[in-house]
Protein chains: 2
Amino acid sequence: MVTIYDIAKRANVSPMTVSRVINKSPLIKESTRLKVEEVIRELDYVPNKQARSLTSKETRLVALVIPDISNPFFTNIARGAEDKALQLGYHLILGNTDENPDKESQYIGMLMSAGVDGVLLVPSGEASASHVKKLVKRSIPFVYVDRIIPQVPADSISGDNLQTTRQLVQHLIALGHRKIAFINGPSSLSNVQERDQAFRETLQLAGIEPNPAYMVETHFKQDNFDEIIAKLVSLQQGERPTAILAANNFIGVNTLRALRTLQIRVPEEMAVTCFDDPDIIPDYNPFLTVAKQPAYDMGFLGMQLLIERIQSGAPASTRKIVLPSELIVRSSTGKPQE
Amino acid sequence: MVTIYDIAKRANVSPMTVSRVINKSPLIKESTRLKVEEVIRELDYVPNKQARSLTSKETRLVALVIPDISNPFFTNIARGAEDKALQLGYHLILGNTDENPDKESQYIGMLMSAGVDGVLLVPSGEASASHVKKLVKRSIPFVYVDRIIPQVPADSISGDNLQTTRQLVQHLIALGHRKIAFINGPSSLSNVQERDQAFRETLQLAGIEPNPAYMVETHFKQDNFDEIIAKLVSLQQGERPTAILAANNFIGVNTLRALRTLQIRVPEEMAVTCFDDPDIIPDYNPFLTVAKQPAYDMGFLGMQLLIERIQSGAPASTRKIVLPSELIVRSSTGKPQE
DNA sequence: CTGTTAGCGCCTTCAG
DNA sequence: CTGAAGGCGCTAACAG
């Protein structure tokens, strides 16, 4: 392994001078800088981050921990986060937790051990509180994305769950639906709670009493949707919902699938809509009406918040950014007036 | 920051003993081990990877560098790679290059600097040769996934491009197509070259002479597909292809999209098929006929190759694993006999 | 502008 | 089974 000592010897300077060149110190004579740089190139020297961060206490490594790498919503967050990080001279470690708190805990542990300067986190549930507290204790800055752990306050960036839910529900109501089922995620998640509340409120404001039989709690990345949907549509005559709101794209797509299996036509017999586009290429399969959250921006701005906090160190009051969604009306809810 | 010295003091042992406990040395008395472990828990001690790897020369960090994090094919590779890595006690850093050799070069640099023990790489083209050589020079083990750089030999795992292409082309021929266009990726990629050759050979074996006008070279994650498709379908009467083979899911989906814009019906007027499923949820949108490469397995087995090489150190001869694909016939190519 | 000294947190090596 | 000494590669903090 080539070290600054090797460079120093070859260039007839002290190791410290080499260090200064690497770190772009301005107090280096142009000529010696050029010489050192040449030797660095010759020997293919790469600085050792471990050694560096041992003294400097910073790695310029940040992490993004997401619950589902196969979901375009989260990969879009990743793209945004990465772009911003690179732009500010940081590198990104991506961790995938599968919505599993144990895996999340493992990851956080390794990230601390690897010495990341900060973490962008989409927590997988209440159980995340304990690892998040560890970050606090070690004063490693972190920012919540999409969801928060209220017990442990920190900067956050998320979609506007209230407005988005309202938008979606009102769209359905405007189409004449009054029996609207809501297949939501696990109630331990902050965004799930917000969506649940917004759903109820919007219905009530429209004079519709929420029907407990229409409120289903499930998971964001796996479940037996055939069963869930079968149960919903088998409600006695006149009770069967005419529309389903799915709390994320994964649930939305699986709902469509289950309805197809049951040979229930969408949107004629059942309207379907959900949060977030299921496809990478948004208009490849323009069928599902969705409320699209600005995932890329969430990653991008979240990373900005994080790095600001890393660099200032000054713990100002926690900031909370909420971004609006865009309703994209397509065929799965039928066209209102046409 | 809590160090082994803090633990040592609290537990009335030497730092060295603490180190031994952390590293599960068997020559530690049960009682002192328990005591040390207790203090570790009390103080929430986390070992400092930087310091550790400074002496031990290993980080138990491996990297996966992929060209497109929004493509399900690659995220499936990532899932497989991560599962295997975790199972063997390694952690994964994920890097996204956007098929951009500069970004790839940057990433490789930072990975070397971060001291990863090995790299799983989907190279973005010939230009990758230079960074890959740096890995060789520093003797950091790496394994190619999906594509290789022939100039720099190393273990590799990929799909069977010949068999897969043949399968797809023969499927089209069996349906009666003889004018088959092939929209392939950039010719600097090894898998693109293999597919190109297999395409020509399969046609020739069937007595069809490849038509240069039908061979299009484009990119795997961006291009003006409307233009490409428009050009293909505007070929003079009798020359217009009746089927399009797309070299990956991204091209496949964009082909469908462009055909829709041009109001050309699939499969009636144009059959379409491609490599790899475009959706996360395979049967959400069961339309495209595809040859599905075992992406998850490629990641999983690739990681296994990599870690074997890291641990043995012994550079045996390079291994090359080739995995078969599965042809999934759906509606975009019409149903053969029904 | 450049060099020297010391130490980051841990582990290897060699003594007990 | 446990401890002491030294060093991994780099950079602060002082000298010059």
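In what follows, every heavy atom counts, from backbone to side chain, and hydrogens, waters and symmetry copies are set aside. All values reported here derive from a predicted model rather than from experimental measurement. All chains are named by letter (A, B, ...) in the order of the sequence lines, taking the proteins before the strands, and each is independently numbered beginning at 1.
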- Query: In whole angstrom, what separates A/Gln50's CD from C/dC10's P?
  - Reply: 14 Å
- Short N-O contact, B/Arg33 and B/Glu30, less than 4.0 angstrom: yes
- Query: Under 4.0 Å between a side-chain N or O of A/Lys57 and OP1 or OP2 of C/dG9?
  - Reply: yes
- Task: Could you label the plane-to-plane angle of the A/Tyr296 and A/Phe300 rings as parallel, tilted or perpendicular, counting under 30° as parallel and over 60° as perpendicular?
- Result: parallel
- Task: For the side chain of B/Leu54, starting at C-beta, report the closest nucleotide among D/dC10, D/dC8, C/dC10.
- Result: D/dC8
- Item | Value in whole Å for how far the C1' atom of D/dC8 lies from CG of A/Asn48 | 9 Å
- Any Lys/Arg nitrogen of B/Arg79 or A/Asp98 sitting under 4.0 Å from an Asp/Glu carboxylate oxygen of the other? yes
- Query: Taking all atoms of both residues into account, what is the closest heavy-atom pair of A/Gln50 and B/Ser53, and its distance?
  - Reply: CG-OG, 2.8 Å
- Item | For DNA chain D, the residues among residues 8-32 of chain A that have a non-hydrogen atom under 4.0 Å from it | A/Met16, A/Ser19, A/Arg20, A/Asn23
- Task: Would you kindly give the CD1-to-P distance between B/Ile4 and D/dA4, to the nearest whole Å?
- Result: 13 Å
- Note on the structure: To the nearest 10 degrees, the angle between the two end axes of the helix from C/dC1-D/dG16 to C/dG16-D/dC1 (five pairs per end) comes to 30°
- Query: How is A/Ser56 classified with respect to the nucleic acid when contacts are heavy atoms under 4.0 Å: base, sugar-phosphate, or nothing?
  - Reply: nothing
- Please report the closest heavy-atom contact between B/Lys103 and B/Asn96, naming both atoms and the distance. CE-O, 3.7 Å
- Cationic N near anionic O, under 4.0 Å, A/Glu99 to A/Arg147: yes
- Phosphate contact (C/dG7 OP1 or OP2) by B/Tyr5 side-chain N/O below 4.0 Å: no
- Item | Ion pair check, B/Arg309 and B/Asp117, cut-off under 4.0 Å | no
Pairs of donor and acceptor atoms involving the side chains of residues 118-126 of chain A, under 3.5 Å and at least two apart or interchain, shall be tabulated with distances.
residue, atom, partner, partner atom, Å
A/Ser124, OG, A/Glu104, OE1, 2.6

- Query: What pair of heavy atoms forms the shortest contact from A/Ala78 to B/Ile69, and how long is it?
  - Reply: CB-CD1, 3.9 Å
- Output yes when at least one side-chain N/O atom of B/Arg52 is less than 4.0 Å from OP1 or OP2 of C/dC11, else no. yes
- Item | Length of the OH-P vector between B/Tyr45 and C/dG9, whole Å | 10 Å
- Rounded to the Å, how far apart are B/Glu58 CD and C/dC10 C1'? 14 Å
